[in-house]
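Numbers here are sequence positions counted from 1.
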Amino acid sequence: MIGSANIRLVQGDAMKMDWAGLIGTEPGWVMVANLPYNIATPLVADLLDGVPAIDRMVIMVQREVAARLAALPGHAEYGAVSVKVAYWAEASVGGLVPSTVFVPRPKVESALVSIRRRAVPAVDPDKVDADAMFRLVRAGFGKRRKMLRRSLAGLVPTGAFEAAEVKPDSREENLDVYAWGRLAAAVQAAGAAVPAGRRACAGRSGGHLRRWVAGPGGSGRPPS
């Protein structure tokens with residue numbers, strides 16, 4: 001099979017791969033993978049951010065990771081990673097994979113996730129600076145279950161909530177990607193800036209959250 005003309009086997013670290021050199025920049029690629037828990041979230045985010053040639057991903061990940069990748073506002077699993085995915089794509093959980101189908105049998109269940117890239121980001125990057133928007137998202141989810149007027153105190157100027165049509169007593173898990181975009185736009189219009197150093201804690205979004213939640217132009221890794 002490996003000797004087939006239409007198959008090329010490449011050995012390497014997916015987190016360090018030169019994807020443009022490997023598959024080029026033309027769209028149309030589909031990634032099908034069984035991803036280990038420890039790289040699933042940062043790899044998906046890095047590929048969404050920096051490899052536009054991949055139009056779609058069909059991946060198997062730990063059930064809890066799948067729930068976070070595809071979570072909708074208002075759900076317990078909804079977090080910064082959910083906003084990140086929604087910015088670039090539409091995601092859905094396709095089905096559960098029980099532990100009984102694996103040998104040896106793991107202690108966790110898996111799930112299939114379909115991630116289909118949008119033709120354009122959910123929030124227009126020409127109108128709203130994506131890096132600033134994701135800094136705001138990180139700040140909001142860095143203080144879980146708090147009202148936005150408290151978690152974003154000092155970052156969102158007076159009047160920005162009203163301009164964005166976002167209630168200041170809302171909580172971060174209630175805002176969809178469009179609401180985060182409106183809020184970032186209002187902050188931007190007011191001439192305020194969200195400090196680059198504001199990063200979210202891991203919380204429910206997983207231990208890799210601080211590593212990857214960056215704007216689409218960044219590498220997804222925090223500054224050294």
Side-chain angles (χ1 to χ4, degrees), residues 41 44-46 48-50 52 67-92 115-206 209-220 222-223:
T41 297
V44 167
D46 281 353
L48 287 173
D49 277 348
R68 289 194 290 267
L69 292 174
L72 297 175
H75 289 248
E77 297 84 1
Y78 187 71
V81 62
S82 315
V83 181
K84 165 72 86 171
V85 173
Y87 179 90
W88 285 116
E90 294 180 341
S92 61
I115 301 175
R116 190 179 296 273
R117 187 182 292 274
R118 299 176 186 273
V120 294
V123 177
D124 189 346
D126 292 331
K127 296 180 179 179
V128 180
D129 182 80
D131 290 330
M133 172 182 156
F134 279 100
R135 287 196 294 271
L136 199 65
V137 171
R138 293 197 299 271
F141 281 96
K143 298 179 180 178
R144 301 282 302 199
R145 307 297 185 259
K146 289 185 178 294
M147 290 184 288
L148 290 176
R149 68 166 179 261
R150 294 181 179 178
S151 62
L152 299 180
L155 301 178
V156 178
T158 302
F161 284 111
E162 182 178 358
E165 299 180 346
V166 172
K167 295 180 179 180
D169 58 352
S170 298
R171 301 182 190 278
E172 76 289 333
E173 68 267 22
N174 298 128
L175 270 62
D176 62 13
V177 64
Y178 304 104
W180 280 111
R182 294 196 307 272
L183 190 58
V187 172
Q188 185 175 297
V194 182
R198 293 292 294 266
R199 292 203 294 267
C201 63
R204 290 176 180 257
S205 295
L209 182 61
R210 284 172 291 185
R211 181 171 180 271
W212 66 259
V213 182
S219 66

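The NZ atom of Lys167 sits 13.5 Å away from atom CZ of Phe161, with the distance rounded to the nearest 0.5 Å. Here Arg182 contributes atom CZ and Leu175 contributes atom CG; the two are 7.5 Å apart, rounded to the nearest 0.5 Å. Note that CE of Met147 is 12.0 Å distant from CG of Leu152, once rounded to the nearest 0.5 Å. The OG atom of Ser151 lies 8.5 Å from the NZ atom of Lys146; values are rounded to the nearest 0.5 Å. For the atom pair CG (Leu69) and OG1 (Thr41), the distance works out to 5.5 Å, reported to the nearest 0.5 Å. Atom OH in Tyr78 sits 9.5 Å away from atom CD in Glu173 (nearest 0.5 Å).
When all heavy atoms of Phe141 and Gly79 are compared, the closest pair comes out as CE2-CA, 3.4 Å. Minimum heavy-atom separation, Ala122 to Tyr178: O-CE2, 3.5 Å. Taking every heavy atom of both residues into account, Pro125 and Pro121 meet most closely at CD-CG, 4.1 Å. Glu77 and Arg68 get closest at one heavy-atom pair: O-CG, 3.6 Å. In plain terms, the two heavy atoms of Arg149 and Asp169 that are nearest each other are NH1-CB, 3.6 Å. Looking at every heavy atom in both residues, Gly74 comes nearest to Asn174 through CA-ND2, 4.1 Å.
Ring geometry, Tyr87 versus Phe134: the interplanar angle exceeds 60°, so the pair is classed perpendicular (tilted spans 30 to 60°).
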Check your understanding: Please walk me through it: do Arg135 and Leu155 pass side-chain contact (heavy atoms from CB on, under 4.5 Å)?
Key -> CA-CA 10 Å; Arg135 287 196 294 271; Leu155 301 178; over 6 Å; no

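Checking Leu148, Leu136, Val166 one by one against Val156, the side-chain contact (heavy atoms from CB on, under 4.5 Å) holds for a single residue, Leu136.
Checking side-chain atoms of Arg138 against main-chain N and O of Ala80 turns up no donor-acceptor pair under 3.5 Å. In this structure a side-chain-to-backbone donor-acceptor pair under 3.5 Å is missing from Gln188 to Met133.
Remark: Arg118 CZ is packed, more than 12 non-hydrogen atoms of other residues, nucleotides or ligands lying under 6.0 Å away.
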